Structures are given as structure tokens and as C-alpha cells.
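To start, the structure itself, in C-alpha cells.
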Amino acid sequence: MTSTTLAMQGNRQPVAELPSTRGDVQRLRALLERGLPLTSRPWQTLAEQCGMSEAEVLALVEHWQADGLIKRLGLVVKHRPLGIRANAMVVWDVPDDQVAALGRRLAAESAVTLCYRRPRRLPEWPYNLFCMIHGTRRPRVLSELDAIVARQGLEQVPHRVLFSTRAYRQHGARYLGE
Amino acid sequence: MSAPMAKHDIADLDVLDRRIINRLQDGLPVVEAPFAAVADELAIDEQVLLERLKALKENGVLSRFGPMYHAERLGGGLTLAAMAIPEARFDEIVERVNTFPEVAHNYRREHRLNMWFVLATETPERIAEVIAAIEADTGYPVYNMPKQEEFHVRLHLPV
């Protein structure tokens with residue numbers, strides 16, 4: 001963690017200022033990335049695997065969560081076994097001065113699972129606001145989208161729906177090696 | 001249904017599986033015995049919760065249980081990229097693109113830009129290098145569309 005990120009967080013004191021280059025700290029991150037062990041004391045299990053104490057591991061994880069390094073601790077569901085087959089990327093061409101406001105409104109829609117501003121790539125790609133809508137079937141997703149367009153008054157905003165027709169690779173991003 | 005589950009089978013989830021998934025999508029408390037705490041909330045045994053989670057993992061419903069890292073805070077690079085690949089060459093090119101370990105997801109989508117993938121790299125500088133390498137290897141341009149602003153949603157998929 002850098003002092004810059006601390007400064008951005010205000011005056012909160014670091015609870016576990018361990019250098020991120022320390023071998024056992026790196027090992028803990030790598031192990032965590034593969035997932036939390038499904039044991040009664042998962043932090044203890046991890047602690048044993050990287051030569052720390054359970055308290056140390058808990059303090060580090062709390063610290064990383066407070067600092068924003070870990071966005072969320074939870075489970076990742078795979079869509080296809082749950083019958084969620086329709087995966088629509090809906091892209092919008094919004095005037096630059098309106099994109100933040102519309103992004104916030106779309107993100108508040110319960111059907112929207114991700115919402116980002118991204119750069120246009122003209123002339124090939126004029127869209128600058130991206131959101132994802134998932135559902136069991138295409139007609140369901142399209143009717144959700146129709147409802148959003150009507151509720152938010154977006155009839156005049158150019159947009160396109162890009163359904164995925166095949167997932168060629170679907171593994172979680174790996175940011176750290178072992 | 002025999003394991004491993006066939007690609008197009010839909011998992012057979014009962015009410016308890018659904019309660020567990022819906023509860024845990026909201027996160028796990030950072031305490032010494034987190035599964036016991038969640039089992040308590042759900043009014044079930046900790047052992048039952050752990051067994052259900054193991055089964056959900058084995059039959060492919062859960063891909064992972066753990067932290068979602070903030071890639072940029074870790075010092076890594078993350079972006080969404082797209083390519084326009086002629087139909088006749090799509091399968092060949094997607095294989096080439098997927099040989100790059102930095103490609104985390106790769107979807108075919110209905111548009112002239114028909115290949116969409118996420119790149120995750122150990123450093124931000126590495127994104128440009130990987131994109132240049134993919135362009136050199138395939139002969140097609142890569143459109144890089146990194147996130148400029150994230151609008152926060154409640155990440156929850158009711159099952």
C-alpha cells in the first residue's frame with residue numbers, strides 16, 4: 001500500500017502496515033486469490049499455509065478491505081449452470097457532459113449488473129457508456145431493457161445491444177502469481 | 001445427474017442452496033469463524049453450510065469463494081478490448097488470442113466488433129505491450145476500451 005492511497009482515505013490509521021513485498025504477505029494474497037478454504041476457521045487454515053498467525057491474517061484482510069484493495073469478499077456464481085444464458089452488453093452514445101449522470105441512473109436499475117464509462121473508438125465505435133444485463137432468455141433481457149428505456153426516458157439516446165453468442169474463456173482474472 | 005455436470009445442464013438447486021447463494025453474494029464477515037456466523041443467520045448448521053458450498057463448487061455453480069481484488073490498487077492493469085474478425089477466421093483467431101495468459105474472459109458478440117475480451121496484467125504498462133503483441137500475432141487491430149469511470153451497482157444476482 002502506498003502513502004498516496006492512505007492520503008486519499010483521509011486520516012484513518014493503518015492497522016497492519018506490513019510491506020506488501022514481504023514474502024508471507026504475497027503468499028497470503030496469492031492463496032486468497034484462489035479462494036477461501038471451506039473450513040470452519042478459514043483464516044487459520046490460510047495462516048498455517050503462509051506462516052502467519054490467524055490474528056495477523058484477519059488484520060491484514062480487514063485492512064485490505066478498508067483500503068479498497070479487496071472490493072468484496074463473497075462468492076462468485078457461474079451464470080450458465082444457473083440457467084442464465086442471455087448476457088447482453090448494452091452500449092450507449094451519450095453526450096460527454098451527461099454520461100456520469102446517466103451512468104448513475106442506469107447503475108441504480110436492478111437489472112443492471114455492471115456499468116462503466118469507456119472511451120469511444122471513432123469511427124468504428126461511438127459508444128461511451130456500457131452496462132451489462134443478464135437473464136435466463138433474450139426476450140426477458142430485451143423487455144428489461146425496454147422498461148429501462150421507458151423509465152429513464154432514453155428513447156432518443158443511440159444504443160445497441162450486443163448479446164454474447166459464446167464464451168470462449170471464462171475464468172476469473174488472475175492478478176498475482178504464486 | 002452424473003458428475004461432472006455436462007456443459008448445458010442447469011444445476012438443480014433447492015431452496016436452501018438458493019438462500020445460501022443469495023446470502024453470500026452480499027459478502028462474508030471477516031471474523032474467525034465466518035461460516036458459523038452466516039449459518040447462524042440462515043438458522044442452519046455450520047457443517048451443513050460448508051457441505052452445501054463444497055457441493056456447489058463441485059457441480060460448477062460457484063467458481064470461487066473469496067475476495068474480489070481491486071486490480072488497479074494491486075498495481076495491475078485491467079481493460080476491455082474488442083476486435084473485428086472476419087467470420088471465416090474467427091475460430092482460428094480466438095484460439096490465438098486465448099493463448100495469451102492475460103486474457104481473462106473472451107466472448108463472441110453480435111456486432112462487427114465481434115470479439116470482446118478482458119485483459120488483466122501485473123502492471124498497467126503491460127496492457128499496451130500485450131495489445132501490441134496480439135495485434136502483431138493476429139494482424140488485426142485491437143480496440144482498447146479501459147474503464148474511465150465505474151458506476152456502482154449492488155452486485156447481486158437473485159437465484
Side-chain angles (χ1 to χ4, degrees), chain A residues 5 32-36 38-44 54 58 61-62 64-65 67-78 81-84 87 89 100 103-104 106-107 112-119 121 124-125 134 160 162-176, chain B residues 5 9-11 21 24-28 30 32-36 46 50 53-54 57 59-71 73-74 76 78 80 82 84 94 98 103-111 113 116 118 120 122 143 145-153 155 157 159:
Chain A
T5 55
L32 259 178
E33 187 170 315
R34 289 196 299 191
L36 201 60
L38 296 175
T39 59
S40 188
R41 301 279 289 266
W43 307 112
Q44 174 63 33
E54 184 185 37
L58 276 163
V61 170
E62 271 171 8
W64 288 336
Q65 225 174 4
D67 191 48
L69 179 72
I70 293 178
K71 285 201 282 195
R72 193 173 66 95
L73 198 67
L75 54 79
V76 183
V77 293
K78 279 193 184 164
L82 291 171
I84 296 162
N87 156 340
M89 184 169 83
R104 283 191 292 271
L106 288 178
V112 171
T113 51
L114 287 170
C115 191
Y116 295 115
R117 177 182 190 172
R118 297 183 183 280
R121 293 297 179 216
E124 187 74 50
W125 185 258
H134 293 100
R160 285 206 50 162
L162 278 72
F163 279 108
S164 70
T165 50
R166 191 168 159 195
Y168 286 85
R169 180 180 282 194
Q170 198 183 20
H171 69 63
R174 300 246 179 268
Y175 305 115
L176 291 166
Chain B
M5 199 170 70
D9 283 346
I10 292 181
I21 293 171
L24 287 179
Q25 284 188 88
D26 283 339
L28 192 72
V30 183
E32 286 176 4
F35 297 110
E46 183 192 19
L50 287 170
L53 286 172
K54 281 174 193 157
K57 229 176 143 181
N59 70 16
V61 172
L62 303 186
S63 63
R64 217 165 60 89
F65 197 91
M68 305 289 99
Y69 282 116
H70 195 297
R73 284 284 181 82
L74 267 180
L78 191 69
L80 176 70
V94 80
N98 284 349
V103 175
H105 302 264
N106 195 342
Y107 285 97
R108 180 171 180 144
R109 293 191 181 277
E110 295 172 326
H111 188 268
L113 290 179
W116 290 82
V118 170
E122 287 191 16
Y143 297 88
M145 303 185 203
K147 162 178 98 179
Q148 293 173 307
E149 189 172 355
E150 178 170 0
F151 305 102
H152 291 279
V153 299
L155 196 59
L157 201 64
V159 300

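Chain naming here is simple, since letters A, B, ... match the order of the sequence lines and numbering starts at 1 in each. The model shown is predicted, which means the values in this text are computed figures rather than measured ones.
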message: Within this structure, what is the NE2-CG distance for the pair B/H105 and A/N87, rounded to the nearest 0.5 Å?
response: 10.5 Å

Atom group of B/A33 that falls short of 4.5 Å from chain A, counting heavy atoms: both

query: Does the side chain of A/Q44 reach to within under 4.5 Å of the side chain of B/E32, using non-hydrogen atoms?
result: no

field: Heavy-atom side-chain proximity of A/R121 to B/L113 below 4.5 angstrom
entry: no

- request: Could you check if a side-chain atom of B/H111 sits within less than 4.5 angstrom of a side-chain atom of A/W125, using non-hydrogen atoms only?
  value: yes

- prompt: From A/R166 CZ over to B/Y107 OH, what is the distance, rounded to the nearest 0.5 angstrom?
  reply: 12.5 Å

query: Would you say A/S40 and B/F35 make side-chain contact, with heavy atoms under 4.5 Å?
result: no

statement: For B/K54 and A/L38, the nearest pair of non-hydrogen atoms, with its separation, is CE-O, 3.4 Å

field: Pairwise side-chain contact, A/T39 with B/L50, heavy-atom cut-off 4.5 Å (strictly under)
entry: no

message: Quick check on B/V94 against chain A: is it the side chain, the backbone, both or neither that has a heavy atom closer than 4.5 Å?
response: side chain

task: For the residue pair A/T165 and B/E110, confirm or rule out a side-chain donor-acceptor distance under 3.5 Å.
output: no

message: With side chain to side chain contact (heavy atoms under 4.5 Å, CB included) as the criterion, how do A/Y116 and B/E149 come out once you've worked through the C-alpha distance, each side chain's angles and the decisive distance to 0.1 Å?
response: CA-CA 6 Å; A/Y116 295 115; B/E149 189 172 355; over 6 Å; no

- prompt: Which is it for A/R117 and B/K147 under the side chain to side chain contact (heavy atoms under 4.5 Å, CB included) test, yes or no, and what are the steps along the way?
  reply: CA-CA 6 Å; A/R117 177 182 190 172; B/K147 162 178 98 179; over 6 Å; no

message: I'd like to check B/W116 versus A/M89 (side-chain heavy atoms, cut-off strictly below 4.5 Å). Are they in contact?
response: yes

Any side-chain heavy-atom pair of B/Q148 and A/P119 under 4.5 Å: yes

